[in-house]
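Working notes, beginning with the structure itself.
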Amino acid sequence: MEVELKDYQKHLEEKEKEWESFCLRCGACCGAYDDPCTHLQKDQTGKFYCDIYPDRFGVRKTVSGHLFKCVSIKKMLQTHWKGDHLCPYKKLQKNCLGI
Ligand code: SF4
């Protein structure tokens, strides 16, 4: 039973990694093309990352001072943001739901 639970946890971790790997790190969902979150950073390759990623959820502030609530990308899929037409999660949603 314990082995099955560990296998299941490992399976969930792999699925989470797979899900995260779809991200292009374009930064669009964090305001890269508009008013970015103050925690959005660009690395040397030009890709974006969050400098507090493991603790990102909750009330955050944009560069212009606007407060917003950071939520998972899964919760954002019903919303729109500048550049979202390039986001693989949006494309997956469109392909799966036909919307
Ligand atoms: S818009 Fe999509 S691809 Fe771009 S950073 Fe956000 S989740 Fe990743």
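If you're wondering where the values come from, they're calculated on a predicted model, not measured in any experiment. Because only heavy atoms are used, hydrogens play no part in the values below, and waters and symmetry mates are left out as well, while side chains stay in. Each ligand, and each atom within it, is numbered from 1 in the order the structure gives.
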Discussion item. Check this for me: does any side-chain nitrogen of one of Glu14 and Lys17 sit under 4.0 Å from a carboxylate oxygen of the other?
Written reply: no

Item to complete: Say whether Phe22 and ligand 1 are in contact under the criterion: heavy-atom distance to a ligand atom below 4.0 Å.
Response: no

Discussion item. Using a 4.0 Å cutoff against the non-hydrogen atoms of Gly27, which atoms of ligand 1 qualify?
Written reply: 4 (Fe), 5 (S)

Discussion item. Within ligand 1, which atoms have a heavy atom of Tyr89 less than 4.0 Å away?
Written reply: 7 (S)

Fill in: Check: Tyr53/Glu20 side-chain N/O donor and acceptor closer than 3.5 Å
yes

Response to the item:
Looking only at protein heavy atoms, what sits closest to atom 3 (S) of ligand 1 is Leu24 N, 3.2 Å

Worksheet, complete the sentence: atom 8 (Fe) of ligand 1 sits nearest the protein heavy atom Cys23 SG, 2.4 Å

Item to complete: Output yes when a side-chain donor or acceptor of Arg25 lies under 3.5 Å from a complementary backbone atom of Tyr49, and no otherwise.
Response: no

Worksheet item: Taking all atoms of both residues into account, what is the closest heavy-atom pair of Met76 and Cys29, and its distance?
Response: CE-O, 3.7 Å

Fill in: Asp35 and Ser64, any side-chain heavy atoms less than 4.5 Å apart
yes

Worksheet entry | Where ligand 1 meets Pro88 - atom numbers and elements under 4.0 angstrom, heavy-atom basis | 3 (S)

Discussion item. Taking Leu92 as the starting point, is it possible to reach Leu77 by hopping between hydrophobic residues whose side chains are less than 4.5 Å apart?
Written reply: yes

Worksheet item: Strictly under 2.8 Å, is any N, O or S atom of Cys29 next to atom 8 (Fe) of ligand 1?
Response: no

Discussion item. Angle between ring planes, Tyr89 versus Trp19, binned at 30° and 60°: parallel, tilted or perpendicular?
Written reply: tilted

Worksheet item: Linking I/L/V/M/F/W/Y whenever any side-chain heavy atoms sit under 4.5 Å apart, do Trp81 and Val71 land together?
Response: yes

Discussion item. Taking N, O or S atoms only and a limit of 2.8 Å, check whether Cys87 reaches atom 2 (Fe) of ligand 1.
Written reply: yes

Worksheet item: Of the protein's non-hydrogen atoms, which lies at the shortest distance from atom 4 (Fe) of ligand 1, and what is that distance?
Response: Cys26 SG, 2.3 Å

Worksheet entry | Atoms of ligand 1, numbered as shown, that sit under 4.0 Å from any heavy atom of Ile73 | 7 (S)

Worksheet item: Has Cys30 got an N, O or S atom lying less than 2.8 Å from atom 4 (Fe) of ligand 1?
Response: no

Practice prompt. Check each atom of ligand 1 against the heavy atoms of Trp81 and keep those under 4.0 Å away; list them by number with element.
Written response: 1 (S)

